[in-house]
Structure formats: structure tokens, C-alpha cells
**Q** 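This is the structure I have questions about; it appears just below.
Throughout, protein chains are lettered first and strands after them, A, B, ... in sequence-line order, and every chain is numbered starting at 1. What you see is a predicted model, and the numbers here were worked out from it, not measured in a lab.
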Amino acid sequence: CNSLLAGLVRMDWVDMARDIYHEIVDMGVSPNIYTLNIMVNAFCKDRRFDKVDSFLLEMAEKGIFPDVVTYNTLIDARCRAGHLEEAVQLLNSMDDKGLKPDVATYNAVLNGFCKNGQHGKAKELLGEMLDVGLVPNVSTFNILLGGFCKIGDTSETMRIYDKIANSGLIPDIVSFSCMIDLFAKKGDMNQALAYFRDMKGVGLVPDNVIYTMLIGGFCRIGLISEALKMRDEMVDHGCLPDVVTYNTILNGMCKERRLSDSDQLFYEMVERGISPDFCTFTTLIYGYCKDGQVEKALRLFDKMLKSNLKPDIVTYNSLIDGCCKEGNMEKVNELWDDMCRRGMFPNHITYSILIDNHCSKGQVEEAFRFWDEMVENGILPNVVTYNSIIKGYCRSGDASKAEKFLGKMVNDCVVPD
RNA sequence: GUUCUGGUGCAUACUUGU
């Protein structure tokens with residue numbers, strides 16, 4: 001029964017898991033600590049922390065109490081929700097309950113700190129972990145590797161990588177992926193490929209993730225041909241490109257303005273049975289808009305909606321920018337309304353697009369209408385919006401107003417660039 | 001049988017005479 005429940009939760013079928021749980025209990029089967037943990041995890045996945053509390057009370061009446069795994073689940077969920085303080089509180093409260101935090105507990109919090117940019121605290125916590133006599137595992141180091149890799153801190157990432165071996169542990173595929181990602185993102189493909197060779201040298205088999213990182217690295221430096229070679233290599237090794245791999249190449253092609261290539265690849269992926277996701281569409285829509293092919297972008301947008309994929313603010317901003325530049329203000333208004341109807345609201349980029357568009361046409365008054373609306377909505381003007389207004393004044397031959405505005409900009413503590 | 005780590009659009013999306 002527990003395996004079934006766990007399977008459902010893993011598939012994100014939380015509602016069904018809960019229904020089945022109730023049926024099982026009604027049938028007179030008594031839940032145990034595993035059941036409790038599976039259900040707590042289910043509630044956490046849905047961010048239903050309130051439900052967790054009542055559920056724990058219910059279980060306590062049956063004599064089943066939270067254990068370390070329960071706490072780990074709760075702590076991880078808090079971290080994912082960005083509630084680091086609560087997570088740390090839970091960690092600290094474990095002692096009172098007679099529970100001893102384990103490596104997974106610390107890993108969860110470490111991960112929380114790293115994902116929230118609190119790398120210093122992560123390092124402190126690693127120290128605390130060692131102080132209480134816990135032995136970090138490869139995941140512990142991988143969490144830190146990923147954290148420092150994401151902020152591009154090469155020297156710290158390499159120090160942590162060395163620590164893995166110094167601790168008597170063996171770097172695994174995730175450790176290598178962090179190193180490869182670090183260098184691929186920096187555009188240092190020689191280093192990335194060196195780690196790629198190293199991992200194969202120690203008998204690890206590169207997977208989709210590794211290949212996609214390398215492909216993305218080549219794309220980033222404009223070497224689409226190398227990216228495609230890497231794609232061929234992965235296929236030769238029996239590793240099939242997935243939707244992320246395709247999205248990565250598509251993005252590379254779009255950035256290089258190779259829209260006919262991306263178009264072809266898009267059809268290829270569909271032919272091979274890989275369903276485009278909302279990233280695929282947003283990537284292509286962005287690419288076509290930037291290339292001035294707004295019609296094509298709008299057709300893709302329709303297709304996206306028909307596929308039941310939800311556009312996000314980036315999708316809308318790309319289209320709004322494209323339509324603005326084309327002068328199709330009717331469509332802009334339509335998209336704007338459509339976006340709001342879907343519960344997404346213009347952000348500082350959306351406003352910048354419209355402010356700049358009106359300024360480019362010398363319609364400073366109109367631009368200020370959006371400026372005011374933006375400020376009313378609690379979004380502060382930034383360098384981009386100030387630059388646009390100054391440009392607008394210059395366009396309409398109002399150099400003195402432009403200069404006055406530059407003064408206001410400095411007054412508002414926005415540094416001119 | 002339950003909890004912790006890696007890849008894609010987007011924070012490098014909007015301004016920059018062209």
C-alpha cells in the first residue's frame with residue numbers, strides 16, 4: 001500500500017494519493033510511519049502546510065509520531081518555499097523532540113541556502129554539520145558545488161570539488177555535471193570538455209543532462225555546428241535528445257538568427273515524438289519577434305495556446321515588444337488585456353517596452369501615461385525607462401527637458417549609464 | 001516501501017542615432 005502511495009506522490013498525483021489513503025484507512029488498514037511520511041511529502045508538494053499540521057495531529061491520535069524523515073521532508077519543503085528561517089527553526093527544534101538531524105537534514109538546509117544566494121551561511125552550516133560529528137556525503141558537496149557554480153565562483157567551486165576526493169569520496173555524475181556546467185556557462189569549452197573526458201575516464205556514462213550542458217555551452221559562444229556535433233555524438237552513444245536538449249539548440253539557433261534552422265529542428269522534434277513545452281514556444285516566439293517576424297511569432301503563440309501550454313510574462317513581453325516595434329498597437333492592447341485576463345500583470349519590462357516605444361515615436365506624453373501607471377502599480381522607474389524618456393525628449397527636439405530629466409534621474413538615485 | 005544534489009526560454013527578456 002505504501003509503495004502505491006509513494007508511486008502516486010512521485011508522479012505528482014497528490015489528490016489521488018490522498019483519496020486512496022482515505023480508502024485504505026476506511027478499509028481498516030492502519031497507517032504506519034512510512035504512510036505518515038509519504039502523506040506529509042504529498043501535502044508538502046502541494047504547499048499545503050496547514051494540512052500537514054492537522055494530519056500530524058490526526059496521526060498522533062493513532063500513536064504515530066513524526067521521525068527524522070518527517071522533519072527532513074518538512075524542512076526541505078520550507079526551504080523550497082524560501083522560508084529559510086522556518087527551516088532552521090525546525091532543524092533546531094529537532095533536539096527537543098529527541099530527534100537527531102542527519103545528513104539529509106543538513107543537505108536540505110544547505111540546498112536552501114545555496115538556492116537563495118546565502119552561500120556564506122551554507123558554508124557555516126557545513127562547519128556546524130562537521131562539528132556535530134556528521135559525515136557529509138557526495139550530495140552534500142554537490143549541493144555546494146551547484147551553489148557556487150551558479151554564481152560563477154570558479155575558485156570556490158574547484159576548492160569544493162577537490163574536497164570531495166580529500167574527504168575520501170568519489171565525484172559522481174552530478175559532481176561532474178556541476179563542473180561542466182560551470183565552464184560551459186563561462187564559455188570555457190576546453191575546460192568543460194576536459195571534465196567530460198575525465199568523467200568518461202573514471203567510467204561514468206554521460207547522460208542527457210551532461211550532453212545538454214555541453215550543447216548549451218557551444219550554443220552560447222555561437223558554435224552551433226559544434227553543438228550539433230555534440231548532439232550527434234550523444235545519439236551515437238545511445239542517448240536520445242529530450243525536450244530540454246532541443247530547447248537548448250533552438251535557443252542557440254534563435255540567438256544566431258538562424259530561424260530557418262530552428263524551424264526545421266522544431267519540426268524534427270515533433271516528428272520524433274517529443275512534445276514542445278512552453279519553453280520551446282517562448283524561445284521560438286522570442287526569436288521570431290527579435291527577427292521582426294511577428295506574424296510567425298503570433299502563429300506560434302496560437303499553436304501554443306491550442307496545445308494547452310500556458311504563456312508566461314516573458315512570452316507576452318516578447319510579443320508585445322515585437323508588435324510595438326511593428327507599430328501594431330491594436331495587437332499590443334489585445335495581448336495586454338489577454339495577459340491580464342490570465343492573471344499576469346505587466347512588470348517593469350512590459351512598461352519599459354511601451355514607454356520606449358512611445359518615446360521612440362516622440363510621443364513623450366503618451367509614454368508618461370504608462371510611466372504614471374507603472375509608478376501607481378508600485379514599480380520604480382529604472383535606468384532603462386529614464387533613458388527612454390530622455391531619448392523621447394531628444395526625438396521631439398526638447399533638449400532642455402531632456403537635460404532636466406537627467407537631473408531628476410540623478411535626484412532619484414538612478415545612475416545614468 | 002518514505003526525505004536531500006546537476007541541464008533548456010526568462011533576471012544577459014525592455015533603452016543604447018543605424
Side-chain angles (χ1 to χ4, degrees), chain A residues 1-7 9-10 32-41 44 67-77 79 102-112 114 137-147 149-150 172-181 184 207-217 219 242-252 254 277-287 289-290 312-315 317-318 320-321 324 347-357 359-360 382-391 394-395 417:
Chain A
C1 281
N2 283 336
S3 311
L4 170 67
L5 285 177
V9 175
R10 203 171 308 122
N32 61 14
I33 182 64
Y34 286 93
T35 325
L36 180 149
N37 286 331
I38 293 164
M39 293 315 292
V40 166
N41 190 25
C44 284
D67 67 357
V68 178
V69 172
T70 321
Y71 269 84
N72 291 351
T73 309
L74 291 171
I75 287 171
D76 182 57
C79 288
D102 62 9
V103 179
T105 321
Y106 279 92
N107 284 354
V109 183
L110 278 173
N111 190 33
C114 286
N137 57 21
V138 180
S139 295
T140 313
F141 289 110
N142 288 346
I143 290 165
L144 292 164
L145 273 181
C149 160
K150 188 155 288 149
D172 65 6
I173 191 162
V174 177
S175 323
F176 277 101
S177 79
C178 291
M179 300 312 286
I180 290 171
D181 195 40
D207 63 5
N208 239 311
V209 176
I210 300 282
Y211 281 112
T212 302
M213 283 171 169
L214 290 166
I215 289 170
C219 285
D242 61 13
V243 66
V244 179
T245 317
Y246 276 104
N247 288 348
T248 304
I249 306 173
L250 285 172
N251 185 38
C254 284
D277 63 7
F278 91 105
C279 266
T280 318
F281 280 103
T282 302
T283 302
L284 291 172
I285 287 170
Y286 175 76
C289 283
K290 272 276 176 269
D312 69 357
I313 186 75
V314 180
T315 324
N317 283 345
S318 298
I320 288 173
D321 186 43
C324 269
N347 64 7
H348 63 112
I349 301 287
T350 326
Y351 282 112
S352 302
I353 291 167
L354 277 132
I355 290 170
D356 181 66
N357 185 257
C359 287
S360 298
N382 61 14
V383 207
V384 176
T385 33
Y386 273 99
N387 285 348
S388 293
I389 296 280
I390 291 170
K391 178 173 78 176
C394 292
R395 286 274 160 93
D417 57 8

**Q** Counting side-chain heavy atoms from CB outward, which of B/G7, B/G1, B/U15 is closest to A/A6?
**A**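 Selected nucleotide (nearest to the side chain): B/G1.
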**Q** Quick check against the 3.5 Å criterion: does A/N72 have a side-chain atom that pairs as donor or acceptor with the backbone of A/A104?
**A** no
**Q** Select one nucleotide: of B/U2, B/U8, B/U15, the one nearest the side-chain heavy atoms of A/N37.
**A**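 For the A/N37 side chain, the nearest candidate turns out to be B/U2.
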**Q** Counting any heavy atom closer than 4.0 Å, what does A/T283 reach on the DNA or RNA strands: base, sugar-phosphate only, or nothing?
**A**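 Sugar-phosphate contact only.
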**Q** Mind checking if A/T282 touches a base, just sugar-phosphate, or nothing, with heavy atoms under 4.0 Å?
**A** base
**Q** Check every atom of B/A13, B/U15, B/U2 against the side chain of A/K391 and return the nucleotide holding the closest atom.
**A** B/U15
**Q** Using a cut-off of 4.0 Å on non-hydrogen atoms, how would the nucleic acid contact of A/N2 be classed: base, sugar-phosphate, or nothing?
**A**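 If one applies the 4.0 Å heavy-atom cut-off, A/N2 turns out to touch a base.
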**Q** Taking CD1 from A/I38 and C1' from B/U3, how many angstroms apart are they, rounded to a whole number?
**A**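 It is 11 Å, rounded to the nearest whole Å.
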**Q** So, does the side chain of A/S177 form a donor-acceptor pair with the base of B/G6 at under 3.5 Å?
**A** yes
**Q** Using a cut-off of 4.0 Å on non-hydrogen atoms, how would the nucleic acid contact of A/I173 be classed: base, sugar-phosphate, or nothing?
**A** base
**Q** Can A/T70 and A/D67 be counted as having a side-chain donor-acceptor contact under 3.5 angstrom?
**A**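 Judged by distance alone, the side chains do pair up.
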**Q** Figure out the CG/P separation between A/D312 and B/A11, and round it to whole Å.
**A**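 The answer, rounded to whole Å, is 12 Å.
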**Q** Specify the separation, in whole Å, of atom CG of A/D242 and atom C1' of B/U8.
**A** 9 Å
**Q** Pairing donors with acceptors under 3.5 angstrom, does anything connect the side chains of A/T73 and A/N37?
**A**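 Absent: no donor and acceptor within the cut-off.
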**Q** I need the CG-P distance between A/N111 and B/U3, as an integer number of Å.
**A** 15 Å
**Q** Stem list for RNA chain B, please, built from Watson-Crick and G-U wobble pairs under 3.5 Å and keeping only runs of at least 3.
**A**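 Stems (3+ consecutive pairs): none listed.
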**Q** Taking side chain as C-beta onward, heavy atoms only, is A/S175 less than 4.5 Å from A/V138?
**A**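 Yes, close enough: below the 4.5 Å cut-off.
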**Q** Can you confirm whether the side chains of A/N137 and A/T140 place a donor and an acceptor under 3.5 Å from each other?
**A** yes
**Q** Using a 4.0 Å heavy-atom cut-off across all strands, classify A/N208 as base, sugar-phosphate, or nothing.
**A** base
**Q** Given atom CD1 of A/I355 and atom C1' of B/A13, what is their separation to the nearest angstrom?
**A** 16 Å
**Q** Between the base of B/G9 and the side chain of A/D277, is there a donor-acceptor distance below 3.5 Å?
**A** no
**Q** Which part of the nucleic acid, if any, lies within contact of A/N357, taking any heavy atom under 4.0 Å across all strands shown: a base, the sugar-phosphate backbone alone, or nothing?
**A**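 Counting heavy atoms under 4.0 Å across all strands, no contact is made by A/N357.
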**Q** Check every atom of B/U2, B/A13, B/U5 against the side chain of A/K290 and return the nucleotide holding the closest atom.
**A** B/A13
**Q** Write down the atom of A/G216, the atom of A/T248, and the distance for their closest heavy-atom approach.
**A** CA-CG2, 3.3 Å
**Q** Need one value for A/N317: base, sugar-phosphate or nothing, where a base atom within 4.0 Å counts as base even if backbone is also close, heavy atoms only.
**A** base
**Q** Rounded to whole angstrom, note down the C1' distance from B/C4 over to B/U8.
**A** 24 Å
**Q** Using whole Å, what does the distance between atom C1' of nucleotide B/G7 and atom CD1 of A/I249 come to?
**A**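 Atom CD1 in A/I249 sits about 12 Å away from atom C1' in B/G7.
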**Q** For A/C359, is there any backbone N or O sitting under 3.5 Å from a side-chain donor or acceptor partner on A/D356?
**A** no
**Q** The side chain of A/T245 lies closest to which of these nucleotides: B/A13, B/G7, B/G6?
**A**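 Nucleotide nearest to A/T245's side chain: B/G7.
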**Q** At 4.0 Å (heavy atoms only), tell me whether A/A104 reaches a base, stays on the sugar-phosphate, or touches nothing.
**A** base
**Q** Nearest to the A/M213 side chain among B/G7, B/U3, B/A13, which nucleotide is it?
**A** B/G7
**Q** Rounded off to whole Å, could you give me the CG-to-P distance for the A/N137 and B/U3 pair?
**A**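 Taking atom P of B/U3 as the reference, CG of A/N137 is at 15 Å.
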**Q** Any donor and acceptor pair, going by atom type alone, linking the side chain of A/N382 with main-chain N or O of A/T385 inside 3.5 Å?
**A**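 Here the side-chain-to-backbone pair exists.
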**Q** Can you figure out which of B/U15, B/G9, B/G6 approaches the side chain of A/D207 most closely?
**A** B/G6
**Q** Base, sugar-phosphate, or nothing for A/Y34, non-hydrogen atoms under 4.0 angstrom?
**A**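 Base, at least one base heavy atom under 4.0 Å.
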**Q** How many whole angstroms separate atom CD1 of A/I349 from atom C1' of B/U12?
**A**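 Going from A/I349 (CD1) to B/U12 (C1'), I get 11 Å.
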**Q** Report which part of the nucleic acid A/I210 touches: base, sugar-phosphate, or nothing (heavy-atom distance under 4.0 Å, all strands).
**A**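 Base contact.
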**Q** How far, in whole Å, is B/G17 from B/A13 if one measures between their C1' atoms?
**A**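 About 23 Å, rounded to a whole number of Å.
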**Q** Report yes or no: is there a donor-acceptor pair, N or O only, under 3.5 Å between the side chain of A/T212 and the base of B/G7?
**A**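 Side chain to base: pair present.
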**Q** Quick check for you: among B/U15, B/U3, B/C14, whose closest atom lies nearest to any side-chain atom of A/N387?
**A**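 So the side chain of A/N387 is nearest to B/U15.
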**Q** Between B/U5 and B/G1, how far apart are the two C1' atoms, rounded to whole Å?
**A**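 These two C1' atoms come out 22 Å apart once rounded.
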**Q** Ion pair present between A/K290 and A/D321, side-chain N to carboxylate O less than 4.0 angstrom?
**A**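 So A/K290 pairs with A/D321 through a salt bridge.
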**Q** Taking only the side-chain heavy atoms of A/K150 (C-beta and beyond), determine which of B/U3, B/C4, B/G7 contains the nearest atom.
**A** B/G7
